[in-house]
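This is a predicted model, so every value here is computed, not measured.
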Amino acid sequence: MGAGVFLITGAGRGIGAATARLASEAGYRLVLASRDASSLAALAARLGGPDRVWVASCDVRAFDQVAALVGRVEEEWGSLDVVFANAGASVVTSFTTTDGAPPAEWSDMVLTNVCGPAFTARAAMPALMRHGGHLVLTGSAAGRGVRPGNLYAATKWAVTGLAQAIRAECVGTGVRVTLVQPGLTDTGGIPPSRAADPKLAPDDVARAVMYAVSQPPTVDVNEILIRPVGQDAYR
Ligand SMILES: NC(=O)c1ccc[n+]([C@@H]2O[C@H](COP(=O)([O-])OP(=O)(O)OC[C@H]3O[C@@H](n4cnc5c(N)ncnc54)[C@H](OP(=O)(O)O)[C@@H]3O)[C@@H](O)[C@H]2O)c1
């Protein structure tokens, strides 16, 4: 126990919730954040009382909300050691047809997936620098390959670049920056077109996160690409 304070955005389901469970087992005190804090209550109750797990409503598209949360955590718990910028959203897009979500619905995904981790990094960095902390970002295998018509993949390319930009600026600060790029993961939001594809379990990705954060403080795991066996390299 006593491993530090671990903040997770998008902690209510999927990869975030799985990481919360493993981080709790590793002895971290947890801050679980999503827009709908009521969705976090059951998970928090399973992982410990308010002295071990804190639940917060926070929309990562709003810098002020993320900054206020980080400020409260450091003030009340005295540290911030790992920040997992994990919240994300996905809609199906096409540039040549009217399939998928209409363009008016694309902005939320871009704000969540690109501004979300950027705002989280900016808000958390002063605390992470004070405590020799670790920033972990959830990108995607989609952030490495071209996918026809896929704006979601483009947002994850942005996360790939964001992680590198943040790490480059963090040189000399002691802050570690890890980009985790999962392949298809069975979290309930998979489009019907990929229902039959091989999938990771959320725990598979959570173990990758915990691998990165459990290395000695002199080791910065820059990137982890993790796909289910049999996933097409271009999907
Ligand atoms: N599943 C996959 O196949 C896959 C593959 C590669 C990468 N990823 C990435 O992995 C991350 C987690 O994905 P997942 O599939 O585990 O997620 P998920 O099951 O879709 O859950 C998303 C989580 O993010 C929260 N969230 C959404 N928008 C938010 C916002 N604006 N502010 C704060 N929280 C927000 C949701 O809670 P609220 O709705 O209450 O806010 C929820 O807790 C995402 O970045 C996703 O792009 C997923």
**OP:** Over all heavy atoms of both residues, which pair between Gly149 and Thr93 is shortest? Give the atoms and the distance, please.
**Re:** O-OG1, 2.6 Å

**OP:** Check the hydrophobic clustering (I, L, V, M, F, W, Y; side-chain heavy atoms under 4.5 Å; chains of links allowed) and say if Ile15 and Val180 are grouped together.
**Re:** yes

Subject >> Cluster overlap Val82 with Leu47, hydrophobic side-chain contacts below 4.5 Å >> reply: yes

Original post:
Rounded to the nearest 0.5 Å, what separation is found between the NE2 atom of His134 and the SG atom of Cys170?
Top reply: 10.5 Å

Subject >> Gly145 backbone acceptor or donor facing Trp157 side chain under 3.5 Å >> reply: yes

Original post:
Under 4.5 Å between side-chain heavy atoms, hopping through other hydrophobics if needed: is there a path connecting Met129 to Ile166?
Top reply: yes

Original post:
What are the two closest non-hydrogen atoms of Ala56 and Leu69, and how far apart are they?
Top reply: CB-CD1, 3.4 Å

**OP:** Please report the closest heavy-atom contact between Ala44 and Val55, naming both atoms and the distance.
**Re:** CB-CG2, 3.4 Å

Original post:
Checking Lys156 side chain against Thr138 main chain: does a donor-acceptor pair fall under 3.5 Å?
Top reply: yes

**OP:** Taking the side chain as every heavy atom from C-beta outward, state whether Thr185 and Pro202 have any pair of such atoms under 4.5 Å apart.
**Re:** yes

**OP:** Before giving the answer on side-chain contact (heavy atoms from CB on, under 4.5 Å), spell out for Ser140 and Val159 the whole-Å C-alpha distance, their side-chain angles and the decisive distance to 0.1 Å.
**Re:** CA-CA 8 Å; Ser140 172; Val159 178; over 6 Å; no

**OP:** Using modelled atom types only, decide if a donor and an acceptor are shared between the side chain of Gln231 and the backbone of Leu184 within a distance under 3.5 Å.
**Re:** yes

Original post:
So, the side chain of Ser107 versus the backbone of Glu105: is there a donor-acceptor pair under 3.5 Å, distance only?
Top reply: no

Kindly list each side-chain donor-acceptor pair under 3.5 angstrom involving residues 5-13, sequence neighbours excluded, with atom names and distances?
unit_1, atom_1, unit_2, atom_2, d
Thr9, OG1, Asn86, N, 2.9
Thr9, OG1, Ala87, N, 3.0

Subject >> Nearest-0.5 Å distance that lies between atom CG in Asp64 and atom CZ in Phe119 >> reply: 9.0 Å

Subject >> Linked, directly or transitively: Leu162 and Val70 (ILVMFWY side chains, under 4.5 Å) >> reply: yes

Subject >> Pairwise distance CD(Gln181) to CG(Leu137) - rounded to 0.5 angstrom >> reply: 10.5 Å

**OP:** Decide if the gap between the ring center of Trp106 and the ring center of Phe95 is smaller than 6.0 angstrom.
**Re:** yes

**OP:** Report whether Val91 and Val110 are members of the same hydrophobic cluster (ILVMFWY, side-chain heavy atoms less than 4.5 Å apart, transitive linking).
**Re:** yes

**OP:** Using the salt bridge (Lys or Arg N to Asp or Glu O under 4.0 Å) rule, take Glu76 and Arg29 through it: C-alpha gap first, then chi angles, then the decisive distance, then the call.
**Re:** CA-CA 12 Å; Glu76 296 198 16; Arg29 286 183 289 170; over 6 Å; no

Original post:
For the side chain of Thr160 and the backbone of Gly143, is there at least one donor-acceptor N/O pair under 3.5 Å apart?
Top reply: yes

Original post:
Does Phe84 reach the side chain of Val213, with side-chain heavy atoms less than 4.5 Å apart?
Top reply: no

Subject >> Test item: Asp203 and Arg21 side chains (from C-beta on) under 4.5 Å apart, heavy atoms >> reply: yes

**OP:** Taking Gln215 for its side chain and Tyr211 for its backbone only, find out whether a donor-acceptor pair lies under 3.5 Å.
**Re:** yes

Subject >> Straight-line distance of Thr19 OG1 to Met210 CE, nearest 0.5 Å >> reply: 8.0 Å

Subject >> Pairwise distance OG1(Thr178) to CD1(Ile224) - rounded to 0.5 angstrom >> reply: 6.5 Å

Subject >> Least distance between heavy atoms, Gly139 atom then Pro182 atom >> reply: O-CD, 3.5 Å

Subject >> Pair Asp36, Ser38: side-chain N/O donor-acceptor within cut-off below 3.5 Å >> reply: yes

Original post:
Are the side chains of Met125 and Glu169 in touch, meaning some heavy atoms are under 4.5 Å apart?
Top reply: no

Subject >> Exam field: side chain Arg167 to backbone Val177, donor-acceptor pair closer than 3.5 Å >> reply: yes

Original post:
At their closest point, which heavy atom of Met109 faces which heavy atom of Ala89, and how far apart are they?
Top reply: CG-O, 3.4 Å

Subject >> Residue pairs passing the side-chain hydrogen bond (donor to acceptor under 3.5 Å, both in side chains) test where at least one lies in residues 108-121, sequence neighbours excluded >> reply: Arg61-Asp108, Asn113-Thr155

**OP:** Could you grab the distance from atom CZ of Arg176 to atom CG of Leu128, nearest 0.5 Å is fine?
**Re:** 11.0 Å

Subject >> Exercise: identify the closest heavy-atom pair between Val209 and Val136 >> reply: CG1-CG1, 4.3 Å

